[in-house]
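These notes concern the structure reproduced below.
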Amino acid sequence: MIGRLIALLFFAREVAHREHLKTTSYAQHVALNEFYDAIIERADSIAETYQGRNGIIDDIPMITMDLTGDPAAKLEKILSAVEKIRYQAADKSETAIQNLIDEAVAQFLSTLYKLNNLK
């Protein structure tokens, strides 16, 4: 399940980058740029930390989701999927890994704030 969590973060980066390139809002453009730069670093940290404890992740699948709406709605759907599987991906007792997942979730939430409130 850790592979799927990492895949979701990779997918979020891809979605954010595509939305960044097509928005006509400068605030969205900047917020999405910050997100896709940061979320890939968060995904990498989660993967490396997990592998330090558990060994190499054998499968990080390519995923897709049916996403509609504005950039915020798309990121909210991906965030929901991340939050749904986080404790299947890494046990609650794996606090170092869960802390890094918290940081990824915080990145989503900060970006959602910017997308929804800064115009």
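The structure presented is a predicted model; accordingly, all values stated were derived computationally and were not measured.
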Please report the C-alpha distance between I85 and L8 in whole Å, then the side-chain angles of each, then the deciding distance to 0.1 Å, and finally whether the side-chain contact (heavy atoms from CB on, under 4.5 Å) criterion is met. CA-CA 10 Å; I85 68 165; L8 284 166; 3.8 Å; yes
Mind listing the closest non-hydrogen atom pair of [X] and [Y] along with its distance?
| X | Y | answer |
| --- | --- | --- |
| P61 | A7 | O-CB, 3.1 Å |
| T68 | A73 | O-CB, 3.9 Å |
| F108 | L9 | CE1-CD2, 3.7 Å |
| Q98 | Y87 | OE1-CE2, 3.4 Å |
| E34 | Q107 | O-NE2, 4.4 Å |
| A104 | R42 | N-CD, 3.8 Å |

message = Testing L5, I57, I6, I56 one by one against Y50 for a side-chain contact (heavy atoms from CB on, under 4.5 Å), which residue passes?
response =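 Filter result, single survivor: I57.
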Separation of [Y] [atom2] from [X] [atom1] (nearest 0.5 Å):
| X | Y | atom1 | atom2 | value |
| --- | --- | --- | --- | --- |
| E41 | R13 | CD | CZ | 12.0 Å |
| E19 | H29 | CD | NE2 | 13.0 Å |
| I78 | F11 | CD1 | CZ | 5.0 Å |
| E14 | M62 | CD | CE | 8.0 Å |
| Q28 | T111 | CD | OG1 | 11.5 Å |
| T49 | I97 | OG1 | CD1 | 6.5 Å |

Set out, in order, the CA-CA distance, both residues' side-chain angles and the distance that settles side-chain contact (heavy atoms from CB on, under 4.5 Å) for V105 and E83, then state yes or no. CA-CA 8 Å; V105 168; E83 291 179 316; 3.6 Å; yes
*Take D37 and N33 through the test side-chain contact (heavy atoms from CB on, under 4.5 Å) and record every step on the way to the result.*
CA-CA 6 Å; D37 281 346; N33 190 136; 2.9 Å; yes
In this structure, would [X] and [Y] fall into the same cluster of hydrophobic residues linked by side-chain contacts under 4.5 Å?
| X | Y | result |
| --- | --- | --- |
| L109 | V30 | no |
| M1 | L79 | yes |
| I101 | I63 | yes |

Do side-chain atoms of N116 reach the backbone of L112 as a donor and acceptor pair under 3.5 angstrom?
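Side chain of N116 to backbone of L112, a donor-acceptor pair under 3.5 Å: yes, one is there.
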| message | Tell me if a side-chain donor or acceptor on N117 pairs with a main-chain N or O of Y113 at a distance below 3.5 Å. | response |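 Checking the backbone N and O of Y113 against the side chain of N117, a donor-acceptor pair under 3.5 Å is found.
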| message | In the structure I gave you, are the side-chain heavy atoms of F35 and L115 within less than 4.5 Å of one another anywhere? | response |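 A side-chain contact under 4.5 Å is absent here.
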>> Tell me whether the rings of H20 and Y36 are parallel (<30°), tilted (30 to 60°) or perpendicular (>60°).
In response: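 Perpendicular: the ring planes of H20 and Y36 meet at over 60°.
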Stepwise side-chain contact (heavy atoms from CB on, under 4.5 Å) check, L75 with L32: CA-CA 10 Å; L75 291 182; L32 290 164; 4.2 Å; yes
D66 bridged to K77 by N-O distance under 4.0 Å = no
